[in-house]
Amino acid sequence: MNFLLPLATESVAGHIGFLTNLRYQTVGVMIVMTSLCVLAVLVTVVAKGLSFFPTAKKSPAPAPEAPVAVTKDGISPEIRAVIAAAIHVSLKSPHRILHVQSVQNPQLHAWSVEGRRQIFQSHTFR
């Protein structure tokens, strides 16, 4: 193998030799690794420096939820408020909700059936 060493170090017609190229690559890798180490130290120092600043206090644990009042038809006032807000946003005009009732028959979920129909209709078959 010693006979290849002079051939590897000798430049041929302006080309850089093997050992010179290896030296450039080694120096390049060392520069990259040193830069990454410096960045890691810098990030650690900045994180430690920021830890000295006061942070917002943690809010206390929420109190256990009180039982929700449910009317005789089984719909809570919160759900009624959500329905009224959705109608207000959708219609953008004065309105009055006359009656709200829960669906008793799971076969009558018309909104979910309509949503699936629109999704399937939007796809084109090949």
Side-chain angles (χ1 to χ4, degrees):
M1 292 304 265
N2 289 339
F3 64 90
L4 293 176
L5 189 58
L7 293 174
T9 58
E10 193 176 308
S11 64
V12 179
H15 294 288
I16 297 175
F18 175 75
L19 290 181
T20 306
N21 193 12
L22 183 63
R23 192 175 325 126
Y24 286 141
Q25 290 179 355
T26 305
V27 170
V29 168
M30 293 179 78
I31 289 172
V32 168
M33 290 300 173
T34 304
S35 301
L36 289 174
C37 289
V38 168
L39 285 174
V41 169
L42 184 67
V43 167
T44 304
V45 168
V46 169
K48 293 288 183 183
L50 291 177
S51 67
F52 290 116
F53 290 106
T55 58
K57 293 182 181 179
K58 292 183 179 177
S59 60
E65 292 186 21
V68 177
V70 177
T71 59
K72 63 180 179 180
D73 58 1
I75 300 173
S76 67
E78 288 84 2
I79 298 297
R80 290 179 186 273
V82 169
I83 292 170
I87 291 172
H88 176 74
V89 168
S90 298
L91 297 180
K92 295 181 175 116
S93 64
H95 61 277
R96 181 183 300 187
I97 301 173
L98 299 177
H99 183 71
V100 177
Q101 71 180 31
S102 60
V103 176
Q104 301 300 327
N105 186 351
Q107 300 293 330
L108 298 177
H109 292 291
W111 285 108
S112 61
V113 172
E114 176 64 18
R116 282 191 209 102
R117 185 192 66 75
Q118 288 179 1
I119 289 172
F120 289 134
Q121 188 177 11
S122 68
H123 293 85
T124 56
F125 295 103
R126 298 180 190 178

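What you see below is based on every heavy atom in this structure, not just the backbone, and it leaves out hydrogens, waters and symmetry mates.
Within 6.0 Å of atom NE2 in H88, 12 or fewer heavy atoms from other residues, nucleotides or ligands are found, so the atom counts as exposed in its surroundings.
From L36, atom CG reaches atom CD1 of I31 across 12.0 Å, with rounding to the nearest 0.5 Å. Atom CD of E78 sits about 11.5 Å away from atom CD1 of I83, to the nearest 0.5 Å. Atom OG in S35 sits 11.5 Å away from atom CE in M30 (nearest 0.5 Å). Between the CG atom of L39 and the OG1 atom of T44 there is a distance of 10.5 Å, given to the nearest 0.5 Å.
Both L91 and V100 belong to a single network of hydrophobic side chains, linked directly or stepwise wherever heavy atoms of I, L, V, M, F, W or Y lie under 4.5 Å apart. At a threshold of 4.5 Å between side-chain heavy atoms, the hydrophobic network of Ile, Leu, Val, Met, Phe, Trp and Tyr places I87 and V82 in two separate groups.
No option in V43, V45, V38 other than V45 meets the side chain to side chain contact (heavy atoms under 4.5 Å, CB included) test with V41.
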